[in-house]
Engineer: 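Dropping the structure in here first, questions after.
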Amino acid sequence: MIALVDCNNFYASCERVFSPKLDRIPIVVLSNNDGCVVARSNEAKALGIAMGVPLFKIKALIKEEGVRVFSSNYELYGDMSSRVVSVLRRFVPEIEIYSIDESFINFDGVPNLNELSSEMRSTVKKWTGIPVSVGLGDTKTLAKIANHKAKKKPSGVHRTSADSIEDLEHLPVDEIWGIGAKLARRLRSIGITTALQFKNTSAALVRKVGGVVMERTHQELNGFRCFEFEQPQPRQNICCSRSFGRRVEKLQDVESALSSYVSKAVRKMRAEGSVANGIQVFLNTDRFNTSSPQYNNSSSGRLPYPSSDLLTVANEANRHLKRIFRKGYSYKKVGVLLLGLAPEGQQQLPLFANSIGRKKNGRIQIKVRRERLNEAIEEIISKLGKEAISLGRASLKRNGGHRAPWSLKSENLSPKYTTRWEDLLIVK
DNA sequence: TCTGGGGTCCTAGGACCC
DNA sequence: TCTGGGGTCCTAGGACCC
């Protein structure tokens with residue numbers, strides 16, 4: 001048996017743990033830049049606030065109903081997430097962290113699952129303050145459906161099996177894990193609208209309509225496991241991008257934003273002990289502003305050698321940006337992807353073992369490894385914070401005390417209660 | 001005025017090899 | 001007049017997830 005443990009309204013619940021007066025008050029949490037709603041309390045859902053709706057569209061409703069609004073506080077949510085997982089680990093041998101608020105648990109051969117699930121649930125609530133629901137099923141896909149049902153039960157625990165007719169007959173196909181908007185539309189066009197109908201469709205037809213991917217989902221729904229437990233794999237790509245707080249026109253400003261995203265991405269890569277083989281830079285105008293000219297482009301290529309050196313990656317990124325930047329557009333977003341990540345030490349080294357060679361004008365330029373510089377940068381950041389040091393191009397952020405035009409909007413940020421001493425709650 | 005960010009997997013098609 | 005077959009690797013694009 002597989003269990004899916006899912007935190008209820010996770011980001012909203014995190015905000016409530018440290019601000020109990022928000023109980024029973026509708027609250028929403030916003031995406032970066034205070035753009036869209038990405039989490040809602042039950043009260044906010046009841047007001048009809050949809051997932052993903054832009055903030056500006058519900059401004060009036062928020063005022064009218066006294067909805068409390070929060071900017072996203074990922075430092076807090078990330079820390080709360082690892083607390084929840086550490087409680088779950090005490091109960092079970094095998095756990096797969098699927099996302100910031102969901103974990104799969106392997107319950108094969110474990111007895112008394114209902115009691116165990118309830119105990120797990122109440123312990124997580126007691127020790128972390130976060131309410132969770134537990135879905136039980138023979139496959140991950142069934143456990144997902146069960147979790148859906150569990151959320152609506154006072155007990156917070158539910159089991160769905162392949163022949164739970166009542167669980168499947170009213171479930172729309174697009175609520176099955178792995179079936180999104182496009183596949184659901186294709187299925188509806190051949191008369192399949194519910195999970196039960198989908199389950200009872202022949203495997204051959206499913207394959208014809210949705211390929212092997214959908215066939216696996218179909219098998220899982222019928223109780224045959226296709227998705228096994230996965231151990232955490234090193235990432236293959238790292239992406240860092242942000243929409244700008246305001247539109248940006250100057251190359252210098254885009255460079256400055258890109259440079260700060262490159263630093264972020266490289267730090268993440270180094271923390272995982274990886275090196276990148278390639279890089280991609282992309283640049284977008286505002287797709288919603290249809291009255292102004294649109295321009296979207298990207299440029300990618302291999303790095304001169306697999307590297308996790310900040311300056312090498314930053315220079316390459318800037319070269320790609322210059323290639324695609326066009327004057328006369330109002331830009332909304334820039335981003336960088338580090339591609340083809342591999343564990344450090346396994347990469348194909350250049351011919352000269354202790355130096356990095358690069359051909360230029362027919363001669364080999366020898367660059368000394370910059371490992372010590374990279375280490376020094378990391379140490380400064382760990383001691384003095386992310387703002388303490390940055391690449392020259394990124395320094396505009398603090399020029400003359402003004403925020404850079406591209407910096408994020410974040411107007412309703414809660415304290416980082418669990419990760420910063422100065423944000424610790426004081427109990428009278 | 002105001003619309004997020006970060007991932008994975010699969011497939012088709014092109015380049016290239018013998 | 002007549003021009004093969006089988007394979008790999010890479011990339012772009014499309015689908016999905018939270």
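Letters A, B, ... are given to chains in the order of the sequence lines, protein chains preceding strands, and every chain is numbered from 1. In this text, all values refer to a predicted model and were calculated from it rather than measured experimentally.
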Engineer: With a 6.0 Å cut-off (strictly less than), is the heavy-atom count around NZ of A:Lys126, excluding the residue itself, greater than 12?
Structural biologist: no
Engineer: What is the nucleic acid contact for A:Asp34, judged by heavy atoms within less than 4.0 Å: base, sugar-phosphate only, or nothing?
Structural biologist: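 Result for A:Asp34 = nothing.
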Engineer: Is A:Asp79 paired with A:Lys416 through a side-chain N to carboxylate O contact shorter than 4.0 Å?
Structural biologist: no
Engineer: Can A:Arg420 and A:Glu75 be counted as an ion pair, charged N to O under 4.0 angstrom?
Structural biologist: yes
Engineer: For A:Lys264, which contact category applies under a 4.0 Å heavy-atom criterion: base, sugar-phosphate, or nothing?
Structural biologist: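 Counting heavy atoms under 4.0 Å across all strands, no contact is made by A:Lys264.
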Engineer: Which is true for A:Lys333 with a 4.0 Å heavy-atom rule: it touches a base, it touches only sugar-phosphate, or it touches nothing?
Structural biologist: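 The residue A:Lys333 makes sugar-phosphate contact but no base contact.
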Engineer: Quick one: are A:Leu30 and A:Val37 in side-chain contact, heavy atoms under 4.5 Å?
Structural biologist: yes
Engineer: Is the closest basic N to carboxylate O distance between A:Arg270 and A:Glu344 below 4.0 Å?
Structural biologist: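 No salt bridge links A:Arg270 with A:Glu344.
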Engineer: Dot-bracket for DNA chain B, please, read 5' to 3', with Watson-Crick or G-U wobble pairs under 3.5 Å on both distances, ( ) within the strand, [ ] crossing, | other strand, . unpaired.
Structural biologist: ....||||||||||||||
Engineer: May I ask you to say what A:Lys140 touches in the nucleic acid, namely base, sugar-phosphate or nothing, with a heavy-atom cut-off under 4.0 Å?
Structural biologist: nothing
Engineer: Using salt bridge (Lys or Arg N to Asp or Glu O under 4.0 Å), reason through A:Arg225 and A:Asp108 one step at a time and then give a plain yes or no.
Structural biologist: CA-CA 13 Å; A:Arg225 282 190 195 175; A:Asp108 280 339; 3.0 Å; yes
Engineer: Base, sugar-phosphate, or nothing for A:Arg246, non-hydrogen atoms under 4.0 angstrom?
Structural biologist: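 The answer is nothing, as A:Arg246 stays clear of every strand by at least 4.0 Å.
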Engineer: Kindly state whether the ring of A:Trp127 and the ring of A:Phe91 have centres lying under 6.0 angstrom apart.
Structural biologist: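 They do not qualify: ring centres at least 6.0 Å apart.
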Engineer: Mind checking whether A:Pro293 and A:Thr285 have side chains closer than 4.5 Å, heavy atoms only?
Structural biologist: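 The answer is no; the side chains never approach within 4.5 Å.
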Engineer: Quick check with a 6.0 Å cut-off and a 45 degree axis cone: is A:Lys140 positioned over the face of A:Phe229's six-membered ring?
Structural biologist: yes
Engineer: At under 4.0 Å between heavy atoms, what does A:Leu30 touch on the DNA or RNA strands: base, sugar-phosphate, or nothing?
Structural biologist: nothing
Engineer: What's A:Asn33 touching, base or sugar-phosphate or nothing? Going by heavy atoms closer than 4.0 Å.
Structural biologist: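 No contact.
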Engineer: Which residue lies toward the 5' end of DNA chain B, A:Val212 or A:Arg235, if each is placed at its nearest nucleotide?
Structural biologist: A:Arg235
Engineer: Using a 4.0 Å heavy-atom cut-off across all strands, classify A:Arg247 as base, sugar-phosphate, or nothing.
Structural biologist: sugar-phosphate
Engineer: Reading DNA chain C from 5' to 3', where do the contacts with chain A start and stop? Cut-off is 4.0 Å to heavy atoms.
Structural biologist: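 From 5' to 3', the first and last contacting nucleotides are C:dA15 to C:dC18.
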Engineer: For A:Arg207 and for A:Arg287, find the nucleotide of DNA chain B with the closest heavy atom, then tell me which residue's nucleotide is more 5'.
Structural biologist: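 In this pair, the answer is A:Arg287.
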Engineer: Please classify the nucleic acid contact of A:Ile238 as base, sugar-phosphate, or nothing, using heavy-atom distances under 4.0 Å.
Structural biologist: sugar-phosphate
Engineer: Which is true for A:Arg216 with a 4.0 Å heavy-atom rule: it touches a base, it touches only sugar-phosphate, or it touches nothing?
Structural biologist: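 A:Arg216: backbone/sugar contact only, no base atoms under 4.0 Å.
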Engineer: Using a heavy-atom cut-off of under 4.0 Å over every strand shown, decide if A:Ile176 touches base, sugar-phosphate, or nothing.
Structural biologist: sugar-phosphate
Engineer: For nucleotides B:dC17 and C:dG4, find the distance between their C1' atoms and express it as a whole number of Å.
Structural biologist: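 Here B:dC17 and C:dG4 have their C1' atoms 14 Å from each other.
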